[in-house]
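Just below is one structure, and these are the notes that go with it.
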Amino acid sequence: DVTYSILIDSFTKNGKLDDARLLLHKMAEEHIRATAYTYNSLISGYCKLGKLDEAESLFDEMTNKGLGPTVITYTTLISGYCRQENLDKAFRLYHEMAETNISPNTHTFTALIGGLCRAKLMDEAVKLFNEMLEQNVIPNEVTYNVLIDGHCRVGNTVKAFELLDEMMEKGFLPDTYTYRPLISGLCLTGRASEAKEFVDDLQRENQNLNEICFTELLHGLCKEGRLRDALSAWKEMAERGLNTDLISYGVLIYGALKQRDMVKLSLLLKEMYKRGFKPDNVIYTSIIDAYCKLGNLEEAFRFWDKMVDDGCIPNVVTYTVLINGLCKAGFVDKAELLCKQMLASKSIPNQVTYGCFLDNLTMEGHMEKALELHKAMLNGFLANTVTYNILIRGFCKLGRTGDASELLIEMIDNGISPD
RNA sequence: GUCAAUUGGAAAUCGAUC
């Protein structure tokens, strides 16, 4: 059974869930008992693919066979639900554990804290962290990394750096999983310079930063329009022996576009090609977006064609960027056409896509049509803070503040928080 | 003796004092 479990685990890690399940059947045929290990591996695989229903049915199956669940099974499912931002489900499982006398461990708490952090519910995350300590479950470096990341995401770098000190006092070694969020947090709060200093300090201490940490810094610098600094950091990255990969080029291109520096754009593209890199989806999309925003739809479509010729498949974001460009330029009919084309391919329009149309309708003063779209979006759970903002702004502009406040109430009722 | 938790780039609204 160990052999089979190892095989099943490696299949699931490669996303070959079907093959893994075939093996499970084969085990049964050969009268080899499956174990909790086997099931846990499979459940983990389905969770990572977001197929929680499949994971749940295996959970039931293993329960019926008396093979579990174990702490690991619960933790796997909990983290699966957390990744889908289904915290209700995750916590329900957590409570179910208590009923079945399975004690949550460090991994379990870390997964839940991570879920809360992802949802930016930092007060709750801290509360759970304290509960964890009260239950004498010892946090480890991952727990700290998750919390640090959470605080950084909401811009609370002070708290994040406090936790960095705390974790070091406890003897945990920070790594790239710790540093990356801190760099990101500093950049997020408009302090790319501090992020740069932080990175320099870490280099002086000979801490090993990886591509991911550097790219985060590059991105922060580019976002603030500091392309020159980003380029020099990029050179430094290369000198440090790190890979200047496709993503790092993508960030620099984003920076060049932000500065509307099309000369730099073509230089970067040339250099990329020379190194054997081809622009990917993301790079093409950022170029297309930039041209749309410059009002140059022709050039935008030229890159779209180039992208398709290159074998890159446009995704939701690519479509949305063009739809936005078309809407803003007043070609709503063309945008709708593109949306249909999008549905015909395998891309499904999302909140942002519909948000573009919604924005166009409210800007044109077609509030009733906008409300119609909004209702459809509500049915598809596609309303969010931004889409409500668009509608509320539209009503306010027309002086219909009554309708606007009704929407405010509605959004709160729907559990969507105003910002 | 195999299973569970954390990392990078693109898109919609708004960003006051000019």
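Below, chain A is the first sequence line, B the second, and so on; all start at residue 1. What you see is a predicted model, and the numbers here were worked out from it, not measured in a lab.
When the nucleotides B:C3, B:A5, B:U7 are ranked by their closest atom to the side chain of A:S41, B:C3 comes out on top. With distances taken from any side-chain atom of A:D9 to the nucleotides B:G8, B:A4, B:C3, the minimum falls on B:C3. The side chain of A:V142 approaches B:A5 more closely than any other nucleotide in the set B:A5, B:U7, B:A11.
For A:L322 and B:A10, the CG to C1' distance is 12 Å, given to the nearest whole Å.
Within the nucleic acid shown, A:N350 comes within 4.0 Å of at least one base atom, counting heavy atoms only.
Near-neighbour residues of RNA chain B inside residues 216-229 of chain A, defined by a heavy atom below 4.0 Å, number-ordered: A:E216, A:H219. Contacts with RNA chain B (heavy atom under 4.0 Å) in residues 236-260 of chain A: A:D245, A:I247, A:G250, A:V251, A:Y254, listed by number.
With 3.5 Å as the limit, one finds no donor-acceptor pair spanning the side chains of A:S41 and A:T12.
By the criterion of a centre-to-centre distance under 5.5 Å and near-parallel planes under 30°, the ring of A:Y37 forms a stack with the base of B:U2.
Counting heavy atoms from C-beta on, the side chains of A:K278 and A:M272 never come closer than 4.5 Å.
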Protein-to-nucleotide contact annotation, 5' to 3' order, nucleotides 12-18 of chain B [B base; S sugar-phosphate only; - none; under 4.0 Å, heavy atom]: BBS----
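Judged by atom type and distance alone, A:D280 reaches the base of B:G9 through a side-chain donor-acceptor pair under 3.5 Å.
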